[in-house]
Amino acid sequence: MRLGPRKIGCVLPAALLAVIALLLLGGFYLWARQTQSVATLDRIDGWFTHGRHRLRASLGPDPTQQLYIYPNRGAEPLPVLVFVHGGSWNSGDPADYGFIARNFAPQGYVVVLAGYRLGPKGRFPAMLEDTAAAVAWAHRNAARYGGDPDRILLMGHSAGAYNAAMVALDPQWLGRQGMTSDMIAGVVGLAGPYDFYPFTTDAARQAFGHWPRPAETQPVNFALAKAPPMLLLTGSDDTSVRPRNSEKLASALTAAGAPTRPIVLDGIGHAGILIRLAKPFDLSGETKRRVLAFLAERAESAKASAPVQPPER
């Protein structure tokens, strides 16, 4: 059937609009892959209306040693979730990760976004010293912000997941802060590098290449039976930090007597596993559900096993 002039005039603009829409959506998707843009869209999709206001504290003189705290305004103490950002140990700002707080604080957590020294100042082991200091700060100050010091949970993405795993597994870092690993109720590692020696990337060489004993930099070498429970999430399409990292650490933990199973999410890449914790990118919600279920289980377990305080006389 031939189309008359008027019908052709209707079809062409519609097709042109469809092409423009696709181009806009494609550009929008690429733009949204950036952390700051994800945070903006999450903020637009679900404005933070739960009565929590971001506070700031400092761990040291470097501008990167910042903490952002989203406190609990209620009467009942809540578990404390310390989140450590990624960025190849040379970039990143905890201020850009407010979407973590907007998605997890309403679920019943005091959220602490932890920064650490980056680049030459943050070479191993400085990034671990700062992350351990952030955990210790959260433990010491939990009560001031409506948190429960007996329910400290740790979560990190990429380089931040490395920091979280090492602080939880190698006792020296928390030990220097007067803490032990059993004071961490659980650890969530999102796309973390845990077994990456020999160093094959510039970022890894710059952060760890100077250390004379490379084995001491690898979380897989510190697996122990008393390790805090860990949820190791990774994406099948992650080409930046391949799933074998989570699989290797889980295998080492299991062999040491701390049964751990890595969760490989199909069709998700390195940034995607983090983006799916934010609105409106949570899609099926599987990633967020798994994280929230683990955190809730660990927080409840820590609450049940917390020592009973003697009554005041």
Side-chain angles (χ1 to χ4, degrees), residues 46 48-60 65-85 94-116 129-157 160-161 163-165 167-168 173-190 228-231 277 288 291-312:
F48 201 42
T49 57
H50 296 269
R52 294 173 173 85
H53 304 281
R54 189 179 78 172
L55 305 172
R56 188 170 72 173
S58 179
L59 291 173
Q65 294 173 299
Q66 299 295 313
L67 300 176
Y68 293 93
I69 308 103
Y70 293 74
N72 163 34
R73 302 298 183 184
E76 182 72 19
L78 297 177
V80 181
L81 176 62
V82 180
F83 177 81
V84 190
H85 68 81
D96 293 336
Y97 290 81
F99 65 90
I100 295 294
R102 284 188 293 276
N103 283 272
F104 286 88
Q107 300 296 327
Y109 298 92
V110 171
V111 177
V112 177
L113 307 177
Y116 51 96
E129 294 168 347
D130 288 352
T131 297
V135 173
W137 185 96
H139 176 75
R140 290 192 301 267
N141 292 278
R144 291 177 56 196
Y145 298 98
D148 184 347
D150 293 323
R151 291 186 288 167
I152 304 292
L153 298 147
L154 191 52
M155 179 165 70
H157 172 249
N163 291 12
V167 163
W173 309 118
L174 286 177
R176 297 179 185 185
Q177 299 291 331
M179 295 182 64
T180 58
S181 61
D182 59 4
M183 299 170 80
I184 297 178
V187 179
V188 177
L190 303 170
M230 292 191 174
L231 175 65
L277 297 181
K288 191 182 292 184
V291 173
L292 284 171
F294 175 83
L295 293 176
E297 177 188 356
R298 295 311 312 151
E300 186 61 30
S301 177
K303 185 177 183 179
S305 61
V308 177
Q309 299 296 324
E312 294 185 5

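Along the sequence shown, residues are numbered consecutively beginning with 1. All values derive from a computational prediction rather than experimental measurement.
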Enquirer: Of all the heavy-atom pairs spanning A101 and P106, show the shortest one and how long it is.
Expert: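 That would be O-CD, 3.4 Å.
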Enquirer: Only counting residues at least two apart or in another chain, list the ones meeting side-chain hydrogen bond (donor to acceptor under 3.5 Å, both in side chains) with R144.
Expert: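 Listed in chain order: N141.
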Enquirer: Would you find more than 12 non-hydrogen atoms of other residues, nucleotides or ligands less than 6.0 Å from R140 atom CZ?
Expert: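 For R140, atom CZ is crowded (more than 12 foreign heavy atoms under 6.0 Å).
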Enquirer: CD/Q107 to CG/L78 distance, rounded to the nearest 0.5 angstrom?
Expert: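 It comes to 11.5 Å.
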Enquirer: Does H157 reach the side chain of F83, with side-chain heavy atoms less than 4.5 Å apart?
Expert: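 With C-beta onward as the side chain, the pair touches.
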Enquirer: Y109 vs L295, test: side chain to side chain contact (heavy atoms under 4.5 Å, CB included). Steps then yes/no.
Expert: CA-CA 10 Å; Y109 298 92; L295 293 176; 3.2 Å; yes
Enquirer: State which residues pass side-chain contact (heavy atoms from CB on, under 4.5 Å) with P229; sequence neighbours excluded, sorted by chain then number.
Expert: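 P229: side-chain contact (heavy atoms from CB on, under 4.5 Å) contacts with F294, R298.
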Enquirer: Of all the heavy-atom pairs spanning A114 and V82, show the shortest one and how long it is.
Expert: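 Closest pair (atom of A114, atom of V82, distance): CB-CG1, 4.1 Å.
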Enquirer: Can I get a per-line list of side-chain donor-acceptor pairs under 3.5 Å for residues 174-181, giving both atom names and the distance, sequence neighbours left out?
Expert:
from	atom 1	to	atom 2	distance (Å)
R176	NH2	Q172	OE1	2.8
T180	OG1	D182	OD1	2.3

Enquirer: When you compare the side chain of N103 with that of K288, does any pair of heavy atoms fall below 4.5 Å?
Expert: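 Yes. Closest side-chain heavy atoms under 4.5 Å.
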Enquirer: Apply side-chain contact (heavy atoms from CB on, under 4.5 Å) to P94 and list each qualifying residue two or more places apart in sequence or on a separate chain.
Expert: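 With neighbours one apart ignored, the set is Y68, H85, L113.
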Enquirer: Mind checking whether M155 and I100 have side chains closer than 4.5 Å, heavy atoms only?
Expert: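 Side-chain contact under 4.5 Å: yes.
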Enquirer: Only counting residues at least two apart or in another chain, list the ones meeting side-chain contact (heavy atoms from CB on, under 4.5 Å) with A164.
Expert: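 Once residues adjacent in sequence are excluded, the partners of A164 under the side-chain contact (heavy atoms from CB on, under 4.5 Å) criterion are L154, V187.
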Enquirer: Test of understanding: with ring pair (Phe, Tyr, Trp, His ring centres under 6.0 Å), list the residues that count as partners of H139, not counting sequence neighbours.
Expert: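 With neighbours one apart ignored, the set is empty.
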Enquirer: Walk me through it: do L153 and V80 pass the test side chain to side chain contact (heavy atoms under 4.5 Å, CB included)?
Expert: CA-CA 6 Å; L153 298 147; V80 181; over 6 Å; no
Enquirer: What donor-acceptor contacts under 3.5 angstrom involve side-chain atoms of residues 130-138, with partners at least two apart or in another chain?
Expert:
from	atom 1	to	atom 2	distance (Å)
D130	OD1	Q65	NE2	3.1
D130	OD1	R117	NE	3.4
D130	OD1	R117	NH2	3.0
D130	OD2	Q65	NE2	3.4
D130	OD2	R117	N	2.9
D130	OD2	R117	NE	2.9
T131	OG1	M127	O	3.0
T131	OG1	N163	ND2	3.2

Enquirer: Judged by atom type as modelled, is there a donor-acceptor pair below 3.5 Å linking the side chain of R151 to the main-chain atoms of P77?
Expert: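 Judged by distance alone, yes, a pair lies under 3.5 Å.
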Enquirer: Show the numbers, then the answer: is there a side chain to side chain contact (heavy atoms under 4.5 Å, CB included) between V112 and Y145?
Expert: CA-CA 10 Å; V112 177; Y145 298 98; over 6 Å; no
Enquirer: Just by modelled atom types, is the E297 backbone N or O under 3.5 Å from a matching donor or acceptor in the S301 side chain?
Expert: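 Between the backbone of E297 and the side chain of S301 there is no qualifying donor-acceptor contact (under 3.5 Å).
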